[in-house]
Amino acid sequence: MAVVETTDLTKIYQKRYIALNALSMRVEKGMVYGLVGPNGAGKSTTFRLLLGLQRPTAGRLTVLGETMTPERADLRRRIGFLPTNPTFPRHLTPIGYLEFVGSILGMPHDLAQVQLARLLQAVDLTSAASQRLEGFSTGMLTRVGIAAALMNDPELLILDEPTSGLDPSGRKQIIESIRQIAGRDRTIIIATHILGDVERVCTDIGIIAEGRLIYAGPMSEMRRLARQGTVSLELDGNVAAFEERISTLDEFSSVNWQRSGNEFRITFLGAHPLEEYVQRVLALISSTGAELLHLDTGANEIEDSFLHRLEEDRSRGIERLAAWSATHETSGPDADGLASSDRGLPEAGQRLPVEPR
């Protein structure tokens with residue numbers, strides 16, 4: 001079942017800025033879906049439309065199997081949302097704040113008490129339940145926000161940059177909290193630009209750039225694509241002898257490498273599994289008298305793959321323009337007498353619409 005499905009979803013602000021450009025996305029029930037992209041890519045705009053806080057300029061959008069519009073308050077009650085850097089009434093305690101959220105949601109008092117007690121335990125804030133929020137760290141406030149977003153036991157939970165501004169310890173706590181609340185009956189969408197967080201918690205990933213989804217698939221597939229055939233290592237000793245024989249690691253010399261000091265990044269283009277190439281690397285190190293200090297088959301893999309897809313998408317811009325132009329006659333009038341310039345082509349400076357890939 002698709003919990004979220006968009007088709008050619010487009011949002012243009014004041015006829016000046018295209019925030020979403022024919023975005024087509026599908027999120028299945030039970031996924032922890034990471035929506036990843038640089039600042040300004042369209043993540044927050046996507047969330048505003050999913051929540052019915054704004055109307056799309058064009059395209060279709062369904063949430064939990066129904067069309068979302070600003071009038072669908074009933075549908076929004078089935079969704080939990082944590083905005084970026086949420087603010088709270090600092091004079092309240094976590095218990096007081098969650099009671100307030102429960103009253104806004106129309107929850108019976110007894111049910112709200114049971115729910116907030118469970119949630120404060122789930123986000124590891126039971127010991128701080130009587131303290132005022134004004135003394136809380138950013139990480140603690142984020143966990144309060146997650147608990148508040150879960151008060152109505154939502155089928156869909158949307159988290160916008162939940163680890164933004166946190167130190168490594170705080171990020172780890174938030175990731176663990178998200179892991180605890182994920183499950184088959186709850187779907188979670190996380191917007192972030194921190195790729196390490198996505199890899200640690202998400203089952204699926206979508207990469208968004210300039211308002212378009214340029215990649216979507218399981219996290220395991222992203223790892224596989226990122227990892228294929230690359231080894232990073234640091235050596236000592238007879239490093240020159242090792243470098244001289246790198247090409248022998250593949251019988252057809254299908255090897256590319258980069259060296260920085262005593263560090264190597266080797267990419268194998270041959271048909272053998274990566275495990276076999278790693279064994280060959282270790283054997284070559286031993287035979288040349290070099291000393292292995294460090295070896296990694298996954299260093300920065302997700303980040304590298306993400307950046308590669310962004311660069312690949314930018315390089316395909318001319319191809320998309322050509323494909324778009326091929327579907328629109330640009331010379332002479334139509335059979336109905338209308339020239340192409342009269343048919344609503346984009347104005348200068350606008351991004352051109354493209355067919356979703």
Side-chain angles (χ1 to χ4, degrees), residues 2-28 31-63 67-68 84 158-161 187 189-195 198-199 202-219 221-222 225-226 302-328 344-357:
V3 173
V4 169
E5 187 167 16
T6 74
T7 305
D8 292 340
L9 192 64
T10 301
K11 181 63 179 178
I12 304 174
Y13 290 104
Q14 300 177 343
K15 298 184 179 180
R16 295 181 178 180
Y17 174 66
I18 301 177
L20 290 184
N21 191 346
L23 179 75
S24 293
M25 179 175 73
R26 183 181 177 93
V27 180
E28 300 284 348
M31 283 183 175
V32 180
Y33 188 95
L35 188 61
V36 183
N39 292 333
K43 302 186 297 293
S44 294
T45 298
T46 300
F47 286 171
R48 294 187 195 105
L49 298 179
L50 293 183
L51 292 164
L53 302 179
Q54 296 179 350
R55 294 184 187 275
T57 304
R60 293 188 292 110
L61 164 65
T62 61
V63 178
T67 300
M68 173 60 85
T84 306
I158 297 175
L159 306 175
D160 195 356
E161 300 281 1
T187 304
I189 304 178
I190 305 171
T192 184
H193 62 276
I194 303 175
L195 296 168
V198 173
E199 186 177 10
C202 293
T203 62
D204 293 79
I205 183 173
I207 299 177
I208 186 172
E210 296 185 335
R212 296 180 303 104
L213 201 67
I214 64 172
Y215 174 87
M219 193 70 238
E221 178 67 9
M222 184 75 168
L225 292 172
I302 297 299
E303 181 176 359
D304 288 347
S305 186
F306 169 73
L307 294 174
H308 171 73
R309 276 155 181 76
L310 288 182
E311 185 58 34
E312 183 182 61
D313 182 69
R314 292 189 187 103
S315 68
R316 293 184 61 186
I318 299 300
E319 295 177 24
R320 290 196 300 271
L321 177 58
W324 181 88
S325 298
T327 63
H328 295 74
L345 297 183
E347 299 174 359
Q350 288 183 308
R351 296 189 199 117
L352 298 176
V354 297
E355 293 298 326
R357 291 178 291 162

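Please read these numbers as outputs of a predicted model, since none were measured by experiment.
Across all non-hydrogen atoms, the minimal contact from Tyr33 to Arg26 is CE1-O, 4.1 Å. In plain terms, the two heavy atoms of Ala19 and Tyr13 that are nearest each other are CB-CE1, 3.5 Å. Heavy atoms only, all atoms of each residue included: Asp160 and Ala191 are closest at OD1-CB, 3.7 Å. Counting all heavy atoms, side chain and backbone alike, Leu213 lies closest to Ala216 at CD2-CB, 3.9 Å. Residue Leu20 comes nearest to Gly42 through the heavy atom pair CD2-O, 3.6 Å, listed as atom of the first residue, atom of the second, then distance.
Side-chain atoms of Thr203 never come within 3.5 Å of backbone atoms of Met31 as a donor-acceptor pair (strictly under, hydrogens ignored). Using a distance-only test at 3.5 Å, with no hydrogens or angles considered, no donor-acceptor pair links the side chain of Thr62 to the main chain of Thr67. Formation of a donor-acceptor pair under 3.5 Å by the Lys11 side chain with backbone atoms of Arg55 is found in this model.
Annotation: the span from Ile158 atom CD1 to Ile189 atom CD1 amounts to 5.0 Å, rounded to 0.5 Å. To the nearest 0.5 Å, atoms CZ (Arg212) and CG (Asn21) are separated by 6.5 Å. Rounding to the nearest 0.5 Å places CG of Asp8 at 4.5 Å from OG of Ser24. Distance check, rounded to the nearest 0.5 Å: CG of Leu35 to CG of Leu159 gives 12.0 Å. Interatomic distance, Glu28 CD to Glu5 CD, rounded to the nearest 0.5 Å: 8.0 Å.
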>> One pair to check against side-chain contact (heavy atoms from CB on, under 4.5 Å): Val4 and Met25. What are the steps and the verdict?
In response: CA-CA 8 Å; Val4 169; Met25 179 175 73; 4.0 Å; yes
> Between Tyr215 and Val36, is a side-chain contact (heavy atoms from CB on, under 4.5 Å) present by the stated rule, with each step listed?
Replying inline: CA-CA 10 Å; Tyr215 174 87; Val36 183; over 6 Å; no
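Judged as a side-chain contact (heavy atoms from CB on, under 4.5 Å), and not counting sequence neighbours, the contacts of Glu161 are Lys43, Thr84, Ser164, Thr192, His193.
Checking Leu61, Thr10, Thr6, Leu23 one by one against Leu49, the side chain to side chain contact (heavy atoms under 4.5 Å, CB included) holds for a single residue, Leu61.
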